[in-house]
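Single-structure report; data block below.
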Amino acid sequence: MSLKDRIKADIDRVFINFDHYASKHIWNGCELDCVCDEEVALKRKNNNVVDLSWDNNTTETVVYAKVEGFPGRVIPNEHIIFDNKPMKILQRQIDEGMYTILLVSNEPKAVAL
């Protein structure tokens with residue numbers, strides 16, 4: 001088995017594993033198995049600085065999902081509905097059968113005092 005075939009087999013077995021981080025979400029009305037990470041999005045936005053003065057009053061989420069069978073297209077600047085929230089695709093990257101999608105919402109995040 002080639003490395004490419006092993007990576008493809010590992011997508012469901014390792015990366016999109018419901019016993020670890022994967023969960024079901026809704027992408028434009030269709031069910032999507034993926035991993036969401038808001039901490040990575042925060043680090044990408046603030047260049048590893050967690051400081052409210054850098055915040056532009058938006059909520060960002062990184063979604064990791066399989067390219068194969070993805071429910072729809074993934075094009076930067078396109079508006080979508082993710083988990084019943086209007087969002088915009090900022091970035092899309094494809095790595096060996098997996099999407100890394102950066103979503104942004106104009107919904108302000110909660111601030112704890």
Side-chain angles (χ1 to χ4, degrees):
M1 182 183 270
S2 71
L3 177 62
K4 196 170 200 169
D5 292 333
R6 285 179 189 252
I7 291 171
K8 188 175 182 179
D10 281 348
I11 290 175
D12 288 319
R13 191 175 61 79
V14 177
F15 302 115
I16 307 296
N17 185 332
F18 289 96
D19 291 332
H20 296 288
Y21 298 107
S23 55
K24 293 194 180 290
H25 293 271
I26 304 297
W27 181 279
N28 283 340
C30 298
E31 198 170 83
L32 173 66
D33 298 340
C34 61
V35 176
C36 296
D37 193 340
E38 292 178 2
E39 185 177 325
V40 167
L42 181 66
K43 287 179 180 177
R44 287 170 74 146
K45 179 169 73 171
N46 294 341
N47 198 20
N48 293 323
V49 177
V50 180
D51 181 0
L52 287 177
S53 65
W54 289 81
D55 192 15
N56 59 359
N57 207 26
T58 61
T59 302
E60 293 184 358
T61 303
V62 173
V63 175
Y64 302 99
K66 290 183 354 180
V67 171
E68 184 181 316
F70 194 87
R73 61 188 197 173
V74 182
I75 299 173
N77 294 318
E78 186 165 289
H79 293 268
I80 59 121
I81 304 295
F82 184 72
D83 287 343
N84 298 317
K85 285 193 257 181
M87 301 189 104
K88 183 168 117 178
I89 301 170
L90 284 186
Q91 296 175 349
R92 178 211 67 192
Q93 182 175 328
I94 301 174
D95 292 313
E96 295 300 328
M98 292 283 295
Y99 277 130
T100 301
I101 306 166
L102 178 60
L103 300 175
V104 65
S105 170
N106 289 330
E107 176 180 287
K109 62 179 168 273
V111 177
L113 298 175

Quick one: closest heavy-atom pair of [X] and [Y], and the distance?
{"X": "W27", "Y": "V74", "answer": "CZ2-CG2, 4.3 Å"}
{"X": "C34", "Y": "F82", "answer": "SG-CZ, 4.4 Å"}
{"X": "C36", "Y": "T61", "answer": "CB-CG2, 4.1 Å"}
{"X": "L32", "Y": "P71", "answer": "CD1-CD, 3.7 Å"}

field: Salt-bridge contact R73-E78 (side-chain N to carboxylate O under 4.0 Å)
entry: yes

message: Taking the side chain as everything from C-beta on, heavy atoms only, tell me whether I75 gets closer than 4.5 Å to I89.
response: no

- prompt: Given side chains that start at C-beta, do those of V63 and H25 come closer than 4.5 Å, heavy atoms only?
  reply: no

- prompt: Taking the six-membered ring for Trp, are F70 and Y99 ring centroids under 6.0 Å apart?
  reply: yes

task: Using the rule that two of Ile, Leu, Val, Met, Phe, Trp, Tyr join whenever any of their side-chain heavy atoms come within less than 4.5 Å, decide whether F18 and Y21 are in one cluster.
output: no

In Å, rounded to the nearest 0.5 Å, how long is the span from [atom1] of [X] to [atom2] of [Y]?
{"X": "H79", "Y": "N28", "atom1": "NE2", "atom2": "CG", "value": "12.0 Å"}
{"X": "K88", "Y": "N106", "atom1": "NZ", "atom2": "CG", "value": "8.0 Å"}
{"X": "M98", "Y": "Y64", "atom1": "CE", "atom2": "OH", "value": "9.0 Å"}

query: So, D83 side chain and I26 main chain: donor-acceptor pair closer than 3.5 Å or not?
result: yes

D33: partners by salt bridge (Lys or Arg N to Asp or Glu O under 4.0 Å), with sequence neighbours left out: K24

message: Going by side chain to side chain contact (heavy atoms under 4.5 Å, CB included), V62 matches just one of I101, T100, L103. Which one?
response: T100

message: If the condition is side chain to side chain donor-acceptor pair (under 3.5 Å), which residues does E96 pass it with, not counting sequence neighbours?
response: none

